[in-house]
**Q** 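This is the structure, below, for whatever I ask next.
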Amino acid sequence: MEKFKFKIAGREAAGWSMGQGKPMIFLHGWGGCKESWELLMTKLGVLGLTEKHCLIALDLPGFGESKEPPVAWNVGDYVKWFEEVLDYLNDKYGANLSDGYDLVVHSFGGRMLFKMLGQQETQKYRLDRL
């Protein structure tokens with residue numbers, strides 16, 4: 001797995017990636033971090049999924065190696081951050097989100113997903129599978 005760091009709105013964040021192809025992004029639950037997905041991502045790699053997918057696990061702000069927000073965030077703030085991360089992944093990290101992406105969520109990541117689905121008409125990138 002390749003570790004990467006990036007800045008969104010001046011705040012440091014971190015993630016892991018492995019493989020190539022269509023992005024499959026992993027969002028952890030509250031209190032988790034990108035390492036929460038290590039075993040699953042490794043097994044998916046062994047099964048050959050990384051030949052067709054780029055697996056990407058992120059540390060949400062305030063967890064793992066990502067800096068804590070300056071004030072308490074609500075779910076909408078995390079969704080806005082994630083939308084900016086999608087732009088970063090598409091533009092700077094080389095993920096091709098124009099053809100859509102897949103999303104794997106746990107707990108709070110699922111809460112973010114519900115909020116995102118409520119704003120689906122404003123989303124830049126197409127969410128294909130959950």
**Q** Out of curiosity, does L40 fall in the hydrophobic cluster containing M18 (side-chain heavy atoms, cut-off under 4.5 Å, transitive links)?
**A** yes

**Q** Determine, step by step, whether I25 and V85 satisfy the side chain to side chain contact (heavy atoms under 4.5 Å, CB included) criterion, reporting the C-alpha distance in whole Å, the side-chain angles of both residues, the deciding distance to 0.1 Å, and the verdict.
**A** CA-CA 11 Å; I25 302 171; V85 169; over 6 Å; no

**Q** Could you list the donor-acceptor pairs under 3.5 angstrom formed between side-chain atoms of residues 47-54 and any protein atom two or more places apart in sequence or on another chain?
**A**
residue	atom	partner	partner atom	Å
H53	NE2	D102	OD2	3.3

**Q** Side chain to side chain donor-acceptor pair (under 3.5 Å) with R126: which residues, sequence neighbours excluded?
**A**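 Counting only residues at least two positions away or on another chain, R126 forms a side chain to side chain donor-acceptor pair (under 3.5 Å) with D128.
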
**Q** Can you confirm whether more than 12 heavy atoms, excluding those of K115, are under 6.0 Å from its NZ atom?
**A** no

**Q** Would you please name every residue forming a ring-ring contact (aromatic ring centres under 6.0 Å, His included) with Y101, sequence neighbours left out?
**A** none

**Q** Quick one: list whatever passes side-chain contact (heavy atoms from CB on, under 4.5 Å) with Q20, sequence neighbours left out.
**A** none

**Q** Please name all residues satisfying salt bridge (charged side-chain N to carboxylate O under 4.0 Å, His left out) with D77, sequence neighbours left out, ordered by chain then number.
**A** none

**Q** I'd like to check the ring-ring contact (aromatic ring centres under 6.0 Å, His included) partners of Y125; sequence neighbours left out, ordered by chain and number.
**A**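 Scan of Y125 (ring-ring contact (aromatic ring centres under 6.0 Å, His included), adjacent residues dropped) gives none.
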
**Q** With under 30° as parallel and over 60° as perpendicular, where do the rings of Y78 and F108 fit, or are they tilted in between?
**A** perpendicular

**Q** Is it true that F114 and L86 fall in one hydrophobic cluster, defined by side-chain heavy atoms closer than 4.5 Å?
**A**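 Unlinked, F114 and L86 end up in two clusters.
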
**Q** Tell me every residue that passes salt bridge (charged side-chain N to carboxylate O under 4.0 Å, His left out) with K80, counting only those two or more places apart in sequence or in another chain.
**A**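 If we apply the salt bridge (charged side-chain N to carboxylate O under 4.0 Å, His left out) test to K80, skipping adjacent residues, the hits are E84.
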
**Q** Below 3.5 Å, can you tabulate the donor-acceptor pairs from side chains in residues 55-71 to any protein atom, sequence neighbours excluded?
**A**
residue	atom	partner	partner atom	Å
D59	OD1	K34	N	2.6
D59	OD2	K34	NZ	2.8
D59	OD2	E65	N	2.8
E65	OE1	K3	NZ	2.9
E65	OE1	K5	NZ	3.2
E65	OE2	K3	NZ	3.1
E65	OE2	K34	NZ	2.8
S66	OG	A14	N	3.1
S66	OG	D59	O	2.7

**Q** Kindly write out the residues that satisfy side-chain contact (heavy atoms from CB on, under 4.5 Å) with S107, not counting sequence neighbours, or none if the list is empty.
**A** none

**Q** How far does CE of M24 sit from CH2 of W37, to the nearest 0.5 angstrom?
**A** 11.0 Å

**Q** Is it possible for you to say whether M116 and V75 belong to one hydrophobic cluster, with membership spreading through side-chain heavy-atom contacts below 4.5 Å?
**A**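 Yes; V75 is reachable from M116 via cluster members.
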
**Q** Apply side-chain contact (heavy atoms from CB on, under 4.5 Å) to L130 and list each qualifying residue two or more places apart in sequence or on a separate chain.
**A** L103, L113, L127

**Q** Working to the nearest 0.5 angstrom, can you tell me the gap between F26 CZ and H106 NE2?
**A** 13.5 Å

**Q** From H28 NE2 over to C33 SG, what is the distance, rounded to the nearest 0.5 angstrom?
**A** 6.5 Å

**Q** Excluding sequence neighbours, so at least two apart, what forms salt bridge (charged side-chain N to carboxylate O under 4.0 Å, His left out) with K124?
**A**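 Listed in chain order: D87.
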
**Q** Within the structure provided, determine whether E83 and Q123 are in side-chain contact (heavy-atom separation under 4.5 Å).
**A** yes

**Q** Which residue pairs pass the salt bridge (Lys or Arg N to Asp or Glu O under 4.0 Å) test when at least one of the two sits in residues 10-21, sequence neighbours left out?
**A**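 Applying salt bridge (Lys or Arg N to Asp or Glu O under 4.0 Å) to every pair that reaches into residues 10-21, excluding sequence neighbours, yields nothing.
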
